[in-house]
Chemist: 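The structure is given below, and queries will be raised subsequently.
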Amino acid sequence: MHKKNKELARIFEKIADILEFLGDNPYRIGTYRRAANLISELPEDVEELYRTGKLSRLPGIGSSTMLKIEEFLRTGTVKKYEDLRKRVPEDLLDLMDVPGVGPKTLRVAYDKLGVRTKEDFIKALKDGSLAKLPGFGPKKVENILKGIELWRSVQERIPLIEAYPMAEDVVEYMRGEKSVKEISIAGSLRRMKETIGDIDILVAAEKKDWRRIHEHFVKYPEVSKILAKGETKSSVVLRSGRQVDLRTVEPKSWGAALQYFTGSKEHNIRIRDIAKEKGLKVNEYGVFRADTDERLGGETEEEVYRLVGMQWIPPEIRENWGEIELALENSVPELVELKDIKGDFHVHTNWSDGINPIEEVVEQAYRLGYQYIVVGDHSQSARVANGLTPERYREQWKIIDKLNRAYNPKGFYILRGAEVDILPDGSLDLPDEVLEEFDFVVASIHSRFNQDNTYRILKAMENPYVNLVGHPTGRAYGQREGYPLDMEKVIEMAKETGTALEINTFRVDLSPENIRKCVESGVVMAIVTDAHSVAHLPYMKVGVGIARRGWATPDVILNTRDLSGVREFVLSKRKRMAKA
DNA sequence: GCCGTTTTCGGCCCGACTGTTTTCAGTCG
């Protein structure tokens with residue numbers, strides 16, 4: 001994320017927290033929170049958007065917010081925030097993130113018990129003084145203490161790629177309860193957000209079975225704590241420290257509930273707003289006429305969207321970022337789907353740092369129904385990854401040739417590939433006469449991040465044999481921010497040279513924001529798993545989700561092309577660069 | 001604080017769970 005966006009969003013979030021503590025108008029507070037949310041999700045630098053005048057046109061950014069943004073860009077801070085923070089102990093406000101603790105609780109502790117710090121608060125919980133206040137009791141205090149424990153263990157959101165298998169496992173377990181009619185992942189996970197706070201699961205079943213379903217849910221073997229258990233909603237914490245929420249709805253409400261619990265919040269508020277204008281009411285049970293409460297539908301998501309007058313919107317782009325306007329005009333783009341994917345361009349074997357033999361990797365790719373796979377082990381300078389010398393690649397090719405003889409009759413092709421290192425000066429780790437013999441070449445930066453990486457990548461793309469830039473920005477979600485990179489130049493050069501940019505599933509690099517820029521520029525991208533184990537290969541579906549979140553259509557995704565299309569992509573670059 | 005071909009004032013999404021209540025407040029999503 002852009003640094004200024006992050007800082008500004010944090011200031012607005014803090015203003016909201018303080019105002020809430022002070023008991024200000026809830027709608028004003030909501031406005032600050034929405035602004036914070038919007039700014040943190042902006043695909044571009046806030047300063048840039050301000051300069052081009054696009055900022056004030058965003059929904060929820062009014063004149064007062066604009067003034068504060070201007071002030072921030074000019075001075076680096078906002079006076080209102082500086083004034084407000086003097087009125088509340090900062091330490092105390094952090095506690096608002098504790099599950100079960102809100103502004104009212106903190107305010108009472110502050111007023112009645114003189115609580116000023118986290119330690120004060122914990123002391124008030126433990127010595128029973130908070131429990132004595134009206135509206136409080138032993139249970140509430142106990143829950144808050146549990147909340148603090150949870151909060152300390154789950155401070156960070158986890159990467160999509162970690163959360164997804166976790167959620168799939170819960171879904172799989174819940175299918176074991178026979179009264180479950182429909183089940184789906186919901187929330188930010190269904191929207192394929194890069195990081196996930198907690199996991200939402202939705203189930204449709206007959207009302208009489210709900211209790212049994214929740215009983216089953218809390219018995220999931222990974223559960224370490226039960227936070228809540230009801231007829232419609234239960235929450236648990238897994239041993240991994242992750243919270244999972246399960247909700248049950250009647251089958252006739254399935255679509256409305258799935259729509260509702262998928263979010264995003266901004267998207268849903270907008271949808272309900274539109275519904276209201278049409279005299280309708282949308283909630284998790286269905287779509288109703290506002291005046292008579294007559295139920296109009298809600299069994300499927302398509303029906304919900306249709307009833308409010310628009311086409312269905314893919315979950316990955318439900319962020320109120322223009323998708324609703326397009327849906328009203330029936331012109332939401334057809335996004336790339338898993339079934340369009342014909343191969344993977346970047347996987348490792350135990351020839352370098354993968355854990356499986358090439359034979360197993362190839363077999364797994366074949367079983368996924370692909371038409372081709374690019375075996376792309378590291379090149380020699382990646383010593384820690386056991387990178388391959390030209391001689392070892394030639395040995396590997398003999399095996400690839402042999403495998404091809406076995407698999408080609410079944411319509412499956414193994415391509416000679418490499419993930420060649422881009423060296424500090426932008427040259428490549430293998431000579432051209434070797435690169436020429438590969439079917440497909442991925443080039444990536446793996447070290448010396450302090451160099452001019454824009455230059456390195458541009459230079460690598462000028463090589464006629466480089467077909468794909470691996471994890472272009474160097475970002476690895478949850479581990480490393482990307483290095484500074486002039487993305488505009490990279491996009492321009494990719495387009496000019498006919499080089500693809502990588503959507504790396506594990507690193508979420510490219511990010512959805514950058515993917516969207518590529519889509520707009522018509523730059524070709526390849527979705528890859530960068531699998532280091534056969535178990536990683538099926539995560540292509542997560543990669544497709546990330547691509548969809550960046551509004552990627554099949555035409556800009558290289559994996560949607562068949563083998564001859566891929567060969568054509570490689571050959572046309574070689575021809576083009578030879579001429580140039 | 002935002003927003004407006006029904007409004008420049010008066011609305012703003014809304015239901016579930018928990019614990020403390022005897023009809024509801026606080027928190028959450």
Chemist: Would you indicate what A:Phe12 reaches in the nucleic acid, counting non-hydrogen atoms under 4.0 angstrom: base, sugar-phosphate, or nothing?
Modeler: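 No contact.
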Chemist: What integer number of Å spans the P atoms of B:dT20 and B:dC28?
Modeler: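 Pairwise P distance, B:dT20 against B:dC28, rounds to 16 Å.
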Chemist: Mind checking the P distance from B:dT5 to B:dC9? Whole angstroms is fine.
Modeler: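 Pairwise P distance, B:dT5 against B:dC9, rounds to 16 Å.
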Chemist: Determine the Euclidean distance between corresponding P atoms of B:dC17 and B:dC12; express it in Å to zero decimal places.
Modeler: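 Comparing P positions in B:dC12 and B:dC17 gives a spacing of 24 Å.
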Chemist: Can you see whether A:Asn504 engages A:Asp530 through a side-chain donor-acceptor pair at a distance of less than 3.5 angstrom?
Modeler: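 Side-chain D/A pair, A:Asn504 to A:Asp530: present.
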Chemist: Indicate, with a heavy-atom threshold strictly under 4.0 Å, whether A:Tyr285 touches base, sugar-phosphate, or nothing.
Modeler: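 Counting heavy atoms under 4.0 Å across all strands, the contact made by A:Tyr285 is with sugar-phosphate only.
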Chemist: Check every strand shown and say whether A:Arg247 touches a base, only sugar-phosphate, or nothing at a heavy-atom separation below 4.0 Å.
Modeler: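 Sugar-phosphate contact only.
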Chemist: Could you tell me whether A:Arg107 sits above the aromatic face of A:Phe21, with NZ or CZ closer than 6.0 angstrom to the six-membered ring centre and within 45 degrees of the axis?
Modeler: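 Geometry flag: set, cation within 6.0 Å and 45°.
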Chemist: Do the side chain of A:Asn5 and the main chain of A:Val46 share a donor and acceptor less than 3.5 angstrom apart?
Modeler: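 Yes, because the side chain of A:Asn5 sits within donor-acceptor range (under 3.5 Å) of the backbone of A:Val46.
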Chemist: Tell me whether the guanidinium CZ or amine NZ of A:Lys118 lies under 6.0 angstrom from the six-membered ring centre of A:Phe121 and within 45° of its axis.
Modeler: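 No, A:Lys118 does not sit over the ring of A:Phe121.
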Chemist: Across the strands shown, which category fits A:Lys276 at heavy-atom distances under 4.0 angstrom: base, sugar-phosphate, nothing?
Modeler: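 Sugar-phosphate, no base atom in range.
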Chemist: Over all heavy atoms of both residues, which pair between A:Val308 and A:Ala275 is shortest? Give the atoms and the distance, please.
Modeler: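 A:Val308 and A:Ala275 have their closest heavy atoms at CG1-CB, 3.7 Å.
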Chemist: Using the glycosidic torsion, which applies to B:dT7: syn (within 90° of 0) or anti (everything else)?
Modeler: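 Nucleotide B:dT7 adopts syn.
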Chemist: When you list every nucleotide of DNA chain B with an atom under 4.0 Å from a heavy atom of chain A, which one comes first 5' to 3', and which comes last?
Modeler: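 The contact span of chain A on DNA chain B goes from B:dG1 to B:dG29.
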Chemist: On a whole-Å scale, what distance lies between the P atoms belonging to B:dG4 and B:dT8?
Modeler: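 It works out to 13 Å between them.
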Chemist: Is there a donor in the side chain of A:Ser234 and an acceptor in the side chain of A:His214, or the other way round, less than 3.5 Å apart?
Modeler: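 Yes.
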Chemist: Provide the distance between the two P atoms, one in B:dG11 and one in B:dA16, to the nearest whole Å.
Modeler: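 Result for the P pair: 25 Å, nearest Å.
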Chemist: What contact category does A:Pro99 fall into here, base, sugar-phosphate, or nothing, at under 4.0 angstrom with non-hydrogen atoms?
Modeler: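 Here A:Pro99 touches the backbone only, sparing every base.
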Chemist: Could you tell me whether A:Pro26 contacts a base, only the sugar-phosphate backbone, or nothing, with contacts defined as non-hydrogen atoms closer than 4.0 Å?
Modeler: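 A:Pro26: no heavy atom of the nucleic acid under 4.0 Å.
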Chemist: Please classify the nucleic acid contact of A:Val141 as base, sugar-phosphate, or nothing, using heavy-atom distances under 4.0 Å.
Modeler: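 No contact.
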Chemist: Say you pick atom P in B:dT21 and the same atom in B:dT27; how far apart are they, in whole Å?
Modeler: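 Comparing P positions in B:dT21 and B:dT27 gives a spacing of 15 Å.
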Chemist: Could you work out the separation of B:dT6 and B:dC2 based on their P atoms and round it to a whole Å?
Modeler: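 Here B:dT6 and B:dC2 have their P atoms 23 Å from each other.
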Chemist: Map A:Gly62 and A:Pro103 onto DNA chain B by nearest heavy atom, then report which one ends up closer to the 5' terminus.
Modeler: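 The answer here is A:Gly62.
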Chemist: Counting any heavy atom closer than 4.0 Å, what does A:Asp198 reach on the DNA or RNA strands: base, sugar-phosphate only, or nothing?
Modeler: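 The residue A:Asp198 makes sugar-phosphate contact but no base contact.
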Chemist: For A:Ser64 and for A:Phe136, find the nucleotide of DNA chain B with the closest heavy atom, then tell me which residue's nucleotide is more 5'.
Modeler: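 So the residue in question is A:Ser64.
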Chemist: Would you give the length of the straight line joining atom CD1 of A:Ile11 to atom CD of A:Glu13, rounded to the nearest 0.5 angstrom?
Modeler: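 Going from CD1 on A:Ile11 over to CD on A:Glu13, the span is 12.0 Å.
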Chemist: Categorize A:Asn268 for me: base, sugar-phosphate, or nothing, with a 4.0 angstrom heavy-atom threshold over every strand shown.
Modeler: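 No contact at all - A:Asn268 keeps every heavy atom at 4.0 Å or more from the nucleic acid.
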Chemist: For a quick check under 3.5 Å, do A:Tyr50 and A:Glu70 share a side-chain donor-acceptor pair by atom type?
Modeler: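 The criterion, which ignores hydrogens and geometry beyond distance, is satisfied for A:Glu70 and A:Tyr50.
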Chemist: Heavy atoms under 4.0 Å, any strand shown: does A:Thr65 hit a base, just sugar-phosphate, or nothing?
Modeler: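 The answer is sugar-phosphate, as A:Thr65 gets under 4.0 Å only of primed atoms, P, OP1 or OP2.
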Chemist: Determine which nucleotide pairs with B:dG19, using a 3.5 Å limit on both distances of a Watson-Crick or G-U wobble pair.
Modeler: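 Answer to the pairing question: B:dC24, which forms a Watson-Crick or G-U pair with B:dG19.
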Chemist: Contact class for A:Val282 vs. all strands (heavy atom < 4.0 Å): base, sugar-phosphate, or nothing?
Modeler: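 Result for A:Val282 = nothing.
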